[in-house]
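Note on naming: letters A, B, ... go to the chains in the order of the sequence lines (proteins, then strands), and numbering restarts at 1 for each one.
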Amino acid sequence: MTQTEISFKGRKRPLETALKAAFFLSSVIAIAATVGIVLSMLFETIRFFEHVSLSEFLFGLKWSPQTAIRADQVGSSGAFGAVPLITGTLLISAIAMVVAAPIGLISAIYLAEYASNRVRGIIKPMLEILAGIPTVVYGFFAALVVAPFLRMTGGQLGLEVASESALAAGLVMGVMIIPLISSLSDDALNAVPNALREASLGLGATKAETIKKVIVPAAIPGISGGFLLAASAAIGETMIVVMAAGLAANLTANPLEAVTTITAQIVALLTGDQEFDSAKTLSAFALGLLLFITTLFLNVIAMRIVNKYREQYD
Amino acid sequence: MSKPPIITARDVNVFYGQKQALNGITLDIPRNKVTSLIGPSGCGKTTFLRSINRMNDLVDICRVTGEIKIEGKDIYDKDVDVVELRAHVGMVFQKPNPFPKSIYDNVIYGPKIHGQIKSKADAQEIVEQSLRRAGLWDEVKDRLHESGTGLSGGQQQRLCIARAIAVSPAVILMDEPASALDPIATAVIEELIDELRKKYTIIIVTHSMQQAARVSQRTAFFHMGDLVESGATKELFTSPQDERTQNYISGRIG
Amino acid sequence: MTEFLISANKPLRRRHASETRFKWMGRIAIAASLGFLVVMLVSILTLGIGAFSRTEIALAVDLGDGDASSKKIVRNALFTSFPEVTSRAERRQLLRLPSADASRELDRQLAENPDLAGQVATLWFTASDDIDQLIKGAIDTDKPQDQRRISDQELAWVTQLQDLGQIRKVFNTGFFTSGDSREPELAGILSALMGSILSLTVCFVLSFPLGIMAAIYLEEFAKKGRWSDFIEVNINNLAAVPSIVFGLLGLSIFLGYFGMPRSSPLVGGLVLALMTLPTIIIAGRSALRGVPPSIREAALGMGATQVQTTLHHVLPLALPGMLTGAIVGMARALGETAPLLMIGMVAFIVDIPTKITDAATSLPVQIFLWADSPERAFLEKTSAAIIVLITLLVAMNLVAIILRKKFERRF
């Protein structure tokens, strides 16, 4: 038998090389986008700080970016203290979390531990619908129904409720982030090994006791990761606050008063006619960078926690 | 016994990260024979099989040292293209894995990507011949354009064999090809293997000693990453040299 | 001896009661979320359903004088219908019964039906928004005159017209076929819808191939290591960046640096593409992970290159999953508002945009704009636009679900 000729020499495949390069470059776009976001805001922010000092921006208590029409007018420079915006953002986000955290967590517990598969299969997608509704719809509903309702109810109780109260925006925003909290909490609860559950039940604990004393504590990292992501979403949410919270930069912790937020101010500053280079326009980018850094920080921590937790039970 | 071996492995070590999976394997694979690799699970037999067509390359952390020569050419040389290598060293896997395409497309895929098809008649010819050699032709000739995944397990595995021989490789690697099949389908495959050895060199990993005894002329016994002993199947099973081999074939380990 | 097994003892009963309470808390929490959803959707539905119909008034128009302007013809028709109205102030009020566009409606009807010229014909005209709201029952006629938008006088005219059968409600095709308008009775969503379609097209054309290629790289080609981890962290973060930040990126880079046309679906689509990309990549990767490794081994084992394996075998199997992810991503992009405000897609757009460089707005932005308008009739339009938007979203998600079901494969 003759020895068959065998050659393992390859052919050149230029098309494949090009495709591989294209695959690689596409994945780099994600990084390019991040870099683009940072750069786009960084340059404008630096220019903003040529007009306004960093300490005034971060610690100033007064926000009124309206520059006067004529330069010789009083108060032509405007005030760029971001504190009222930060507190306003935190106030509304806090209200949202107060609504969403218990409802989201308790819903998740019920779905993960009590509900039958059939009920789960129906309820879970329905909760997801809440996350799929465009925020402009929530904003419309907050401004049109919830705010007047709160104002009326408050009036009957003898409380002065602003027509664009932080409470209305916060409540509706809370509903919006419920699915975020419930689905991440659900994941966390499901990741708790069954052995723990059985151990506790085997000692004679009731199901509720098992959940409260064993399962939820074991799932805390995953749950808190979900809370952080939800808080980040609340801080970055725009349309609800633009439509329902208004633009009054009040420095207050009273949820019945009107406050404004970072995102609402960015929209107010950049919609309509705008002059480039004015401190007013540039301040929106400084606010944007502040927002980006805050949410990035929260997201990174949240994802770290969630990933670590996932590894723990893998 | 004058023919030179088709594959010569010399001091082959395989590492997964820090872990060494194969320790200095040296083995010759004779031409047009069936060589079976046996041993308890985790002994390295599949690792060795997969280093012959460099499927181990797919694992990021896998590293191979030593040399494996096929027809005198070291397949781990820099100028070796794994794609060409695999065209000459076909593989059949543990679980039948036909592409979710028609039977025809399954068989013709290899020849197509290797540019072996000149005309439509060519293609027909290759498909029919491959399916005949795999003993599947009579069963599927009327439904060549139905999905390969609709066949029974044994038929699927024979389709995978047809697919492998369609590119006319010199060597066919089989990784426990009958382990997912029932006894009747297994018997069909075993007969087929015996038939195929006339044209191809076959290396088969099996966990069944009976199967090794039935289908192979040569057997190599692996244990914990070592090649314990190898030789003619009959001899290895009747008078093993090493105690470990003896323990294994008498059912004391494994 | 077996007393302890009986749940009659007190502390145990308390523990079981607490269990029941706990369960009910769960049910109440879920009911609260879903209740809110239902209240929101039902109130928007009831508010918006009216916008799909439109009130029309029939007027006998004298088309005998070929030289008379359409405006004058409509005026005269109104004056002859109500001969008793003579004072200037009242006549001005009378002219506000039909929409401001009545003369153009007359032109249109004449163009469609030239035979009418020279005759006296009874034609239907769109009623003004206030009359429309009155007919739909949105105006409380029990209130004193100065607290509602319709005067007693107008009320009397409308009643008279109704008695004569000169008022009817028809399906409001105009809502779907015209652009925005300052007059609520004439405003439609077509311009916004086209803006959305154009933006989404740009978004899809960019983000789908890029997202898939990125997913392929990460799942099939990248060596697991620092670099791929870094890209992955980046993608996950990008998915959680507030949408308005993408708007700022669009404003400063696409508009400011590259000088692309403001308010255009091109820029809108670019911004939305960047936002959607992470969703598509993440969905794409999980679709690729769903393709069993045995398929890859089969192809590689017979000497297919990695690119061939991916394109011939892996991608076709993963494509339905990828498409599902892309549709979900597109649905999210369709509902996105904030970033579009930043790049100026927030203009008053009457003309229907036809190119991606035309000035345009989008459906959610239109909702935002209408929500801000003071007229009661715009409230109805806003809700109706929301109904359309949500219908589209539901449809897209349904397609995604059907696609997933259809191609769901057990390997």
Asks: Would you please classify the geometry between the C/Phe208 ring and the C/Phe204 ring as parallel, tilted or perpendicular, with 30° and 60° separating the classes?
Replies: parallel
Asks: Will you find, in the side chains of C/Glu336 and C/Ser243, an N or O donor that is under 3.5 Å from an N or O acceptor?
Replies: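 Looking only at side-chain atoms, C/Ser243 and C/Glu336 do form a donor-acceptor pair, the distance falling under 3.5 Å.
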Asks: For the CZ atom of B/Arg163 and the OH atom of B/Tyr109, what is their distance to the nearest 0.5 Å?
Replies: 10.0 Å
Asks: Has the side chain of C/Ser264 got a donor or acceptor atom that lies under 3.5 Å from a matching backbone atom of C/Met260?
Replies: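 No; judged by distance alone, with no hydrogens or angles, the pair does not exist.
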Asks: Give the intermediate values and the outcome of side-chain contact (heavy atoms from CB on, under 4.5 Å) for residues C/Met396 and C/Leu334.
Replies: CA-CA 10 Å; C/Met396 290 171 84; C/Leu334 174 61; 3.9 Å; yes
Asks: Sort by residue number and list every member of residues 46-56 of chain B having a non-hydrogen atom under 4.5 Å from chain C.
Replies: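 Residues B/Arg50, B/Asn53, B/Met55 are the ones that qualify, each having a heavy atom under 4.5 Å from chain C.
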Asks: Would you mind checking which part of B/Pro169 comes under 4.5 Å of any heavy atom in chain C, side chain (CB onward), backbone (N, CA, C, O), both or neither?
Replies: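 Contact with chain C involves no heavy atom of B/Pro169 at all.
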Asks: Looking at C/Ala283 and C/Gly325, what are the two nearest heavy atoms and their distance?
Replies: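 Residues C/Ala283 and C/Gly325, closest heavy atoms: CB-CA, 3.6 Å.
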Asks: State, without any angle test, whether B/Ser152 and B/Gln155 hold a side-chain donor-acceptor pair at a distance under 3.5 Å.
Replies: yes
Asks: Give a yes or no on whether C/Lys355 atom NZ has more than 12 heavy-atom contacts from other residues, nucleotides or ligands under 6.0 Å away.
Replies: no
Asks: Name, in order of residue number, those residues of residues 300-308 of chain C that have a heavy atom at a distance of less than 4.5 Å from a heavy atom in chain B; otherwise write 'none'.
Replies: C/Leu300, C/Gly301, C/Met302, C/Gly303, C/Ala304, C/Thr305, C/Gln308
Asks: Without swapping roles, check the side chain of B/Arg158 against the backbone of B/Gly135 for a donor-acceptor pair under 3.5 Å.
Replies: yes
Asks: Does the B/Asn106 side chain pair with the main chain of B/Phe99, one donor and one acceptor, at a distance under 3.5 Å?
Replies: yes
Asks: For a side-chain contact (heavy atoms from CB on, under 4.5 Å) check, start with the C-alpha distance between C/Thr276 and C/Arg332, then their side-chain angles and the critical distance, and finish with the verdict.
Replies: CA-CA 8 Å; C/Thr276 316; C/Arg332 283 233 306 254; over 6 Å; no
Asks: Under 4.5 Å, heavy atom to heavy atom: which of residues 73-87 of chain B reach chain C? Give them by number, or say none.
Replies: B/Val83, B/Arg86, B/Ala87
Asks: Checking heavy atoms, do the side chain of B/Leu173, its backbone, both or neither come under 4.5 Å from chain C?
Replies: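 Answer is neither: B/Leu173 stays 4.5 Å or more from chain C.
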Asks: Out of the candidates B/Lys95, B/Gln211, B/His207, only one should pair with B/Glu176 under the side chain to side chain donor-acceptor pair (under 3.5 Å) rule; please name it.
Replies: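 Testing each of B/Lys95, B/Gln211, B/His207 against B/Glu176, the sole residue satisfying side chain to side chain donor-acceptor pair (under 3.5 Å) is B/His207.
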Asks: Search all heavy atoms of C/Ala385 against all heavy atoms of C/Ile189 and return the closest pair with its distance.
Replies: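 Scanning both residues, the minimum pair turns out to be CB-CG2, 4.1 Å.
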Asks: Using a heavy-atom distance cut-off of less than 4.5 Å, which residues of residues 113-133 of chain B contact chain C?
Replies: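 At a heavy-atom separation under 4.5 Å, chain C is reached by B/Ile113, B/His114.
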Asks: Just checking C/Tyr257: does its OH atom have more than 12 heavy atoms from other residues, nucleotides or ligands closer to it than 6.0 angstrom?
Replies: no
Asks: Testing the 3.5 Å rule here: is there a donor-acceptor pair between the side chains of B/Asn13 and B/Gln20?
Replies: yes
Asks: Looking at B/Lys101, I'd like to know if its NZ atom is crowded, meaning that more than 12 non-hydrogen atoms belonging to other residues, nucleotides or ligands lie closer than 6.0 Å.
Replies: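 Result for NZ/B/Lys101: enclosed.
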Asks: Give a yes or no answer on whether the side chain of B/Asn97 reaches the backbone of C/Ile295 with a donor-acceptor pair at less than 3.5 Å.
Replies: no
Asks: Calculate, to the nearest 0.5 Å, the distance between atoms CG and CD1 belonging to C/Leu319 and C/Ile212 respectively.
Replies: 5.5 Å
Asks: Could you check which of B/Asp60, B/Val167, B/Ile61 has the highest count of heavy-atom pairs closer than 4.5 Å to chain C?
Replies: B/Asp60
